[in-house]
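Note that ligands are numbered from 1 as they come in the structure, with each ligand's atoms numbered from 1 the same way.
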Amino acid sequence: MAVGVLALQGSFNEHVAALRRLGVKGVEIRKPEQLQSVTSLIIPGGESTTMAKLAEYHNLFPALREFVKMGKPVWGTCAGLIFLANKATGQKSGGQELIGGLDCTVHRNFFGSQIQSFEAELPVPQIADKEGGPPTFRAVFIRAPAILEVGPEVVVLADIPVSSNKADDPNLALESTEGSTGSREKVIVAVKQGNLLATAFHPELTADTRWHSYFLKMVDEVGEGASSSICAVGGEFQKSRTDLPVYQ
Ligand SMILES: NC(=O)CC[C@H](N)C(=O)O
C-alpha cells in the first residue's frame, strides 16, 4: 500500500516517517498528476495560508477537490483539517482557498498563538480500544484550529474543554438553539465523515502510530461504507509547550 502525503509545506516528512514505521510507503505529492498514483492522501499540519498559496501556484485545488469528491480516504491534520473544512473563520484578510468536503466550520487559530501551544491527553475510545494500547492519546496542539460546528454526517471522535475566557467569547458562541445559553464549554478536535478524517492536533509528531493505523484501516475499508456512532469525549489540558515547531 502507498499513501500520498501532500508535500508543499509543513510536517509531511513526519507523516512519511510514521507511515514507514508501519511498513507503508508515503508518496510525496506536489503536482496534480501525482495524485493519480495514489488512492489515499494525508494533508499535513503547517501553515494553511502558505499551503493554500502553494497549492494554488501548482494548480492543485481542482485535483484535490476531485480526489475528495471521489470518496478517496483523506486525512487532514491541523492545517490539513482547515484545508478540508467547508468553512473557516479567523482567516488572514482576503481569506484562503479551501478544498472543502468536510461539513464543518473550523476556527483557524482557536487556541491562540504559538506560545499557547500545548499537549493534552485525549481519550478516544473508538480508536484506543480497537488498538489495544493505552486508553488515551498524547495530542500535540500547535497554534491549533478547532471545529466549532459540524453537519449531521460528521462523527465526533474527540473534543476538549475550552478555557473560561474563550467559553464566553461571543464570536465563538454556539449558534443559538432552544434551551442553549450560547456559551461554549468544549470544542471538537477530531472528526470522521465517511472517508474523511481530520484532527486539530499532530499525531505525526509523537511516536504513537495508532492514528496512522486507524487511517490505514479506513483506506483498507474503502467501499464498505464504514461508519460509527457519535461519541464526544473530553480531555484535560496539560502543560504548555514552547519547544514545538513554529507553524503560524
Ligand atoms: N499546526 C498547524 O498546522 C497550525 C495551523 C495554523 N493555525 C493555520 O492556520 O494554518
Side-chain angles (χ1 to χ4, degrees), residues 5-18 26 28-29 41-58 60-61 64 74-102 104-120 122 137-149 157-160 162-163 166 169 171-172 187-191 196-206 208 211-212 215 235 237-238 240-248:
V5 182
L6 192 65
L8 299 173
Q9 187 263 343
S11 57
F12 58 88
N13 275 325
E14 289 81 353
H15 274 295
V16 171
E28 294 183 13
I29 304 293
L41 181 71
I42 296 176
I43 305 173
E47 208 286 322
S48 57
T49 313
T50 308
M51 223 185 275
K53 282 188 181 144
L54 290 167
E56 215 172 314
Y57 179 79
H58 291 288
L60 267 158
F61 275 108
L64 287 168
V74 181
W75 175 20
T77 57
C78 207
L81 150 66
I82 300 168
F83 247 45
L84 283 179
N86 279 348
K87 190 173 165 207
T89 61
Q91 291 171 290
K92 286 190 181 155
S93 65
Q96 70 199 54
E97 215 170 324
L98 303 172
I99 299 169
L102 185 61
C104 72
T105 302
V106 68
H107 189 293
R108 206 182 136 234
N109 285 320
F110 181 84
F111 294 102
S113 62
Q114 180 78 16
I115 197 92
Q116 286 154 306
S117 298
F118 64 98
E119 292 187 6
L122 284 187
F137 293 84
R138 193 85 184 153
V140 181
F141 291 84
I142 305 175
R143 205 178 155 93
I147 298 170
L148 305 179
E149 307 292 346
L157 295 173
D159 56 23
I160 63 172
V162 297
S163 56
K166 282 205 187 290
D169 183 337
N171 295 322
L172 303 172
V187 284
I188 298 162
V189 292
V191 293
L196 301 179
L197 177 67
T199 51
F201 47 90
H202 290 263
E204 77 282 9
L205 297 183
T206 71
D208 187 343
W211 282 94
H212 288 82
F215 181 63
F237 286 104
Q238 303 285 324
S240 352
R241 290 279 304 265
T242 51
D243 57 335
L244 299 167
V246 177
Y247 297 146
Q248 305 200 347

query: Which of the listed options, Gly46, Ser11, Ser113, Gly45, holds the heavy atom that is closest to atom 5 (C) of ligand 1?
result: Gly46
task: Going by heavy-atom distance to atom 1 (N) of ligand 1, choose the closest among Arg143, Gln114, His202, Arg108.
output: His202
task: Classify the ring geometry between Phe141 and Phe118 as parallel (under 30°), tilted (30 to 60°) or perpendicular (over 60°).
output: parallel
query: In terms of atom number and element, which parts of ligand 1 are under 4.0 angstrom from non-hydrogen atoms of Cys78?
result: 1 (N), 2 (C), 3 (O), 4 (C), 5 (C)
message: Show me which atoms of ligand 1 lie under 4.0 Å from any heavy atom of Ile142.
response: 1 (N), 2 (C), 4 (C)
- prompt: Do you see a donor-acceptor pair shorter than 3.5 Å between the side chains of Thr50 and Gln9?
  reply: no
- request: Kindly confirm or rule out an N or O of Pro145 lying under 3.5 angstrom from an N or O of ligand 1.
  value: no
- request: Pick out which of Lys53, Arg108, Met51 makes a side-chain contact (heavy atoms from CB on, under 4.5 Å) with Gln96.
  value: Arg108
message: Once you measure the plane-to-plane angle for Phe137 and Trp211, does it fall in the parallel (<30°), tilted (30-60°) or perpendicular (>60°) bin?
response: tilted
- request: Please work out which of the three classes, parallel, tilted or perpendicular, describes the rings of His15 and Trp75, given edges at 30° and 60°.
  value: perpendicular
Ile82 contact mode with ligand 1 (heavy-atom cut-off under 4.0 Å): side chain
